[in-house]
Student: 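I'd like to ask you about the structure that follows.
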Amino acid sequence: MKVRYAKKNEKNVAIEHWKNSFKDDENQINFYFENIFEHKNFLVLEKDKRIVSSLHENPYILNFNSNEIKTKYIVGVSTPANEQRKGYMTFLMKEMLKKSLKDNYPFVFLTPINPDIYRRYGFEYFSRIINYTFDIENLSEIKIKNNVEIKEIKFDSKDDYLEDLIKIYNENMESKFCYLKRDKKYFNKLLLECFNEDMKVFISYQDRIPKSYIIFSKSDNEIWVRESFAINYEEQANIIALLYAYKDYYTTINFSSCENSNIEFLFKNQLKIKKVETPFMMLRVIKPLKVLEFCDIKLENLKIYIEDEILEENTGVYTYNKKWSFSKIIEDYTFKINIRDLVLLICGFFDFNEIKNMGKIELKNDKNIGNEKLLKIFNKKNSYLYEFQ
């Protein structure tokens, strides 16, 4: 078996794999393969001159604790039905991880259909999405201020708004531990994707200063808000109130949001707003030493014993004494953790005590450090990633 990147003339193979494995409609598939797909990022497993498994490695830049990190978003992981249950995907995933290590990627990430599948390769959740559901009539109590100007962004005018969208987004990401870097190229792609799926995009201004934006789609009797950000709580209310204009045609609002947006408190009665917190994206640490350095953890004599069953060269003790070092000699350590659960810890999906109480941390020698210091360093953090392609 051979793992390689696809040739230019193998795009049809990628399309066929995608169609046979996922529920995307023709419009969505065409958009992906016309605007995002590159054969050089299409990793395949070849056997007997047949492609028996494949995945896509789309390049992104993540802002990880104020460090801009080049990484890969793994999508389109697929094996044809007649080739499944033969170990092909396991082989390809492991080779992808080994190649990522060789190419010096600190981590890679993905959106799982089934998280249990990817945990066996060392992936774990690192970000959440909050989904709100409420009756559109609840919006009747929120009014748009008279000095707010709301403009619809359309295909022909999209370039005029890219910088303003970036500004609003960046202001909202200032408090996030991990988020996607978005530039003009990114927002251009996002808007094209939205228009391709008949979504609406609006942006608000006060005194010509961008204040908020909202992206949503309409189907059957509901409106789904894919994303909405504002520079403050009051401006968030102004842009959400816009949706009340559709009250004669739609009854329900489904609103996707980042953590701590507290959208329910825009309304008088929070009990009328259904709120569901959902784990969304998973990350796989490829180079623990580099990631620990990015986390800016500075606790003298901290020794973390990390186990990595796939990338065995990562297994060992990581010690901080003025700087991070690594040793394969396992004698003494503060605590032991699996490479998968390390994601929960460093990204603050849970705090130290929560992870310890879940049995994912094995304490050995924390006398010189203490639980209080560990909890202060490994506290809860908020990240935002909401990608689909």
Student: For K2 and E46: C-alpha separation, side-chain torsions, deciding distance, then whether salt bridge (Lys or Arg N to Asp or Glu O under 4.0 Å) applies.
Tutor: CA-CA 5 Å; K2 178 182 179 182; E46 181 183 321; 5.7 Å; no
Student: Report the distance from atom OG1 of T334 to atom CD of E362, rounding to the nearest 0.5 Å.
Tutor: 12.5 Å
Student: I'd like to know if the side chain of N238 reaches the main chain of K145, judged simply by a donor and an acceptor atom lying under 3.5 Å from each other, with no hydrogens or angles considered.
Tutor: yes
Student: Working to the nearest 0.5 Å, report the span between CG of L345 and CD1 of I355.
Tutor: 4.5 Å
Student: Taking 4.0 angstrom as the limit, do E163 and K158 come out as a salt bridge?
Tutor: no
Student: Around atom CG of D207, are there more than 12 heavy atoms of other residues, nucleotides or ligands at under 6.0 Å?
Tutor: no
Student: Around atom NZ of K328, are there more than 12 heavy atoms from other residues, nucleotides or ligands closer than 6.0 Å?
Tutor: yes
Student: Can a salt bridge be assigned to the pair K247 and E137 using a cut-off of 4.0 Å between side-chain N and carboxylate O?
Tutor: no
Student: For the aromatic rings, using the six-membered ring if either is Trp, is the centroid distance between F64 and F107 under 6.0 Å?
Tutor: yes
Student: If we check side-chain contact (heavy atoms from CB on, under 4.5 Å) with L110, which of these qualifies: R284, K72, M282, E387?
Tutor: M282
Student: Assess whether atom NZ of K11 is packed by more than 12 heavy atoms of other residues, nucleotides or ligands within 6.0 Å.
Tutor: yes
Student: Centroid separation under 6.0 Å, is that true for the rings of Y73 and Y60?
Tutor: yes
Student: Parallel, tilted or perpendicular for Y213 and F187, by the 30°/60° rule?
Tutor: perpendicular
Student: Assess whether salt bridge (Lys or Arg N to Asp or Glu O under 4.0 Å) is satisfied between K19 and E26, documenting all intermediate values.
Tutor: CA-CA 9 Å; K19 286 183 176 179; E26 198 72 22; 3.3 Å; yes
Student: Give me the one residue out of S228, S212, S204 that meets side-chain hydrogen bond (donor to acceptor under 3.5 Å, both in side chains) with Q236.
Tutor: S228
Student: Any ion pair linking D183 and K181 (charged N to carboxylate O, less than 4.0 Å)?
Tutor: no
Student: Taking the ring centre of each residue, are Y5 and F42 less than 6.0 Å apart?
Tutor: no
Student: Verify whether the ring centers belonging to F335 and F352 lie closer than 6.0 Å.
Tutor: yes
Student: Would F216 and W224 count as a close aromatic pair, with their ring centres under 6.0 Å?
Tutor: no
Student: Relative to the ring of F267, is the ring of F134 parallel (under 30°), tilted (30 to 60°) or perpendicular (over 60°)?
Tutor: tilted
